[in-house]
Amino acid sequence: MSMFPLEIKSTLDKVMNDIKTDLVGSYPNLKALDIDNLADPDALGNSSDPTLLWQFSTLDPSPRDPLYVGSFLIGAKTTDDDGNYMLTALLAELINYFRVDTQIWVSDYSGAAAVSGKGVLTITSILLSPQQYDNLAGVRTYAVAYAAQRLI
Amino acid sequence: MDLARVTEKFATTQILAWDPTDGRWIDTGVLGGLQVYDRFITDRSFGQKKRILTLGACQVLPEGYGTFMLCGGASRYLLESLNEDVRYNKVYGNSYLMHTAETEIQLLNDVTSLRASGASQVDGQEVVSTHWVDIERYRSESSRELNEVNYTLVEMAFSKLAVIDTSLTVKVVSTGATYSVEEVYDSLDLQVVKAKRMGV
């Protein structure tokens, strides 16, 4: 039984956590947060530290399985960021990982060990959205569209 | 008149303190007395929950404890506020505002491990500490998605010494009911927790 949505979601989690690891040297205390993760304590959600954000949004058969199209959001949140320069810098860093035509191999990272060879997704567009505000923080995201193939 | 002698006359009962780490009551070595005049009839519950504990002139409740009971009594109290009674340049008594705490709870912490993606998963829960608290219903919060579902928000009064944050879960020992900690703030010498009921 296919678990492709779970595999895509766990791959997105893995990619964003790896990006956080890559960038934390340049952005001290950088955190990473799945926007939809209800189990995350407030320590991440309302932290004043700069935070990478993402949200697994859609995955639709097109025209049918094993071919899909979908979308997800990636972005950043900063607090006390004069002129939003850190926020914009984080966004500039992120786009380097998600350029159009970038291919990301899909594995199942939901368990303790990764299971590879589940599929591949290709970025087809990445669009910057207007800034939003979350109480004390500025939030800005990209809407990323992709085409995906599940490997049978 | 030595007012201290007057206050000491009414401080006749041994006071015990709750040790949350060991989970037992210990003798503080201090004598005090609850005042009968502090109770009043009201449609609000605080009239029955606030008590005034007076100690003799030179006696104070020990630092390092926030939950007390009087030897021979069954009620437990949280220390809410200390008021010195001063006359003729001398402290002749100490009056404490106490808040009854009749519910035994456990603070639970998630035991987590990492998935391959870097996201955490909860493998179980461990008991961090045990406390006596006062729980009052705060309000009902409607579900944003399901019309018939309501979430109960409660206010819990903890002693100032409890270590609490929003990552912890509160479990009522007698009923097994669990609450998610939403907010923690100070009120006088108490810590107040706003918590949301998990499940029904």
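Because only heavy atoms are used, hydrogens play no part in the values below, and waters and symmetry mates are left out as well, while side chains stay in. In what follows, every chain begins at residue 1, and chains take the letters A, B, ... in the order their sequences are listed.
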Worksheet item: Is the count of non-hydrogen atoms from other residues, nucleotides or ligands lying under 6.0 Å from D80(A) atom CG greater than 12?
Response: no

Worksheet entry | Same apolar cluster: Y65(B) and Y96(B), side chain cutoff 4.5 Å | yes

Worksheet item: Should W132(B) and F68(B) be regarded as members of a common hydrophobic cluster, given that ILVMFWY residues are connected when their side-chain heavy atoms come within less than 4.5 Å of each other, either directly or indirectly?
Response: no

Worksheet item: Side-chain heavy atoms under 4.5 angstrom apart, residues restricted to Ile, Leu, Val, Met, Phe, Trp, Tyr: same cluster for M86(A) and I74(A)?
Response: yes

Fill in: Within 6.0 Å of NZ in K49(B), more than 12 heavy atoms from elsewhere
yes

Item to complete: Under 4.5 Å, heavy atom to heavy atom: which of residues 117-130 of chain B reach chain A? Give them by number, or say none.
Response: S117(B), G118(B), A119(B), Q121(B)

Worksheet item: Crowded around Y97(A) OH? As in, over 12 foreign heavy atoms under 6.0 Å?
Response: yes

Worksheet item: Could you state the interatomic distance from CG (D108(A)) to CZ (R115(B)), rounded to the nearest 0.5 Å?
Response: 10.0 Å

Worksheet item: Which heavy atom in A113(A) sits nearest to a heavy atom in A116(B), and how many Å separate them?
Response: C-CB, 3.8 Å

Discussion item. I'd like to verify something: which residue of S110(A), A32(A), A114(A) has the highest number of heavy-atom pairs under 4.5 Å with chain B?
Written reply: S110(A)

Fill in: More than 12 heavy atoms from other groups under 6.0 Å of OH on Y85(A)
no

